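Please read the structure below before turning to the comments.
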Amino acid sequence: KKTFKSDQVGQVNPPKFEKCEDMANLTFLNDASVFWNLKTRYQAKLIYTYSGLFCVVVNPYKRFPIYTPSVVKMYLGKRRNEVPPHLWAITETAYRNMLQNSKDQSMLITGESGAGKTENTKKVIA
């Protein structure tokens, strides 16, 4: 049995926030809660997670069947909050805003080397 000092322990979110799609909704937003949420979503092969306006992607370093035409179709014409987190939701939102507002849109895809920036950028452009 391990014993920890109270300053080493963060508060835990209620079970209803397990695998939360948008971490901005977490009751307790601390490092441990964010990492736990990303870990549990990753283990469930849910590599896309929102954090407010941002979309966090955990690179699985393997191919998941989440870029098929049927998955793309699921996101067409949908608002971001109507479908699970995915690159297509961000892309669809930017495309719709471009058409409706007649204004250019941009995306920032950032991360460390090997994080999947190139692969995600190719999917956005395709």
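Quick note: numbers below take in every heavy atom, side chains included, and nothing from hydrogens, waters or symmetry partners. Since the structure is predicted, the reported quantities are computational estimates derived from the model, not experimental observations.
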Consider side chain to side chain contact (heavy atoms under 4.5 Å, CB included). Of Glu21, Arg41, Lys19, which one does Thr49 pass it with?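 Answer to the side chain to side chain contact (heavy atoms under 4.5 Å, CB included) test with Thr49 among Glu21, Arg41, Lys19: Arg41.
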Going by side chain to side chain contact (heavy atoms under 4.5 Å, CB included), Thr93 matches just one of Gln105, Arg80, Met98, Met107. Which one?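 By the side chain to side chain contact (heavy atoms under 4.5 Å, CB included) criterion, Thr93 pairs with just one of Gln105, Arg80, Met98, Met107: Arg80.
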When you look at [atom1] of [X], are more than 12 heavy atoms from neighbouring residues, nucleotides or ligands closer to it than 6.0 Å?
{"X": "Leu99", "atom1": "CG", "value": "yes"}
{"X": "Glu112", "atom1": "CD", "value": "no"}
{"X": "Phe28", "atom1": "CZ", "value": "yes"}
{"X": "Tyr61", "atom1": "OH", "value": "yes"}
{"X": "Asn81", "atom1": "CG", "value": "yes"}

Under the criterion side chain to side chain contact (heavy atoms under 4.5 Å, CB included), I'd like the reasoning laid out for Asp31 against Val34: C-alpha separation, chi angles, the key distance, then a yes or no. CA-CA 5 Å; Asp31 289 351; Val34 168; 5.9 Å; no
Which distance, rounded to the nearest 0.5 Å, do you find between the CG of Leu26 and the SG of Cys20?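 Leu26 atom CG to Cys20 atom SG measures 4.5 Å (nearest 0.5 Å).
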Roughly how far, to the nearest 0.5 Å, is the CG atom of Leu76 from the CZ atom of Arg96?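 One gets 10.0 Å once the value is rounded to the nearest 0.5 Å.
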Would you say the side-chain atoms of [X] pair up with the backbone N or O of [Y], donor to acceptor, closer than 3.5 Å?
{"X": "Asp22", "Y": "Gly52", "answer": "yes"}
{"X": "Glu92", "Y": "Lys78", "answer": "no"}
{"X": "Tyr95", "Y": "Ile90", "answer": "no"}
{"X": "Glu82", "Y": "Arg79", "answer": "yes"}
{"X": "Asn13", "Y": "Glu18", "answer": "no"}

List the atom of [X], the atom of [Y], and the distance in Å for their closest heavy-atom pair.
{"X": "Val83", "Y": "Ala89", "answer": "CG2-CB, 4.1 Å"}
{"X": "Pro14", "Y": "Thr27", "answer": "CD-OG1, 3.9 Å"}
{"X": "Met74", "Y": "Pro84", "answer": "CE-CD, 4.1 Å"}
{"X": "Asn37", "Y": "Phe17", "answer": "OD1-O, 3.6 Å"}
{"X": "Asn59", "Y": "Gly114", "answer": "ND2-O, 2.9 Å"}

Test Tyr50 against Met23 for side chain to side chain contact (heavy atoms under 4.5 Å, CB included), laying out the working first. CA-CA 6 Å; Tyr50 294 129; Met23 294 186 292; over 6 Å; no
Validation row: [X], [Y] side chains within 4.5 angstrom (heavy atoms):
{"X": "Val124", "Y": "Ile109", "answer": "yes"}
{"X": "His86", "Y": "Val71", "answer": "yes"}
{"X": "Trp88", "Y": "Lys123", "answer": "yes"}

Checking Tyr48 against Asn120: is there a side-chain donor and acceptor pair closer than 3.5 Å? yes
Should Leu46 and Val58 be regarded as members of a common hydrophobic cluster, given that ILVMFWY residues are connected when their side-chain heavy atoms come within less than 4.5 Å of each other, either directly or indirectly? no
Tell me whether Ile47 is reachable from Trp36 by hopping between hydrophobic residues (I, L, V, M, F, W, Y) whose side-chain heavy atoms are closer than 4.5 Å.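 Hydrophobic grouping puts Trp36 apart from Ile47.
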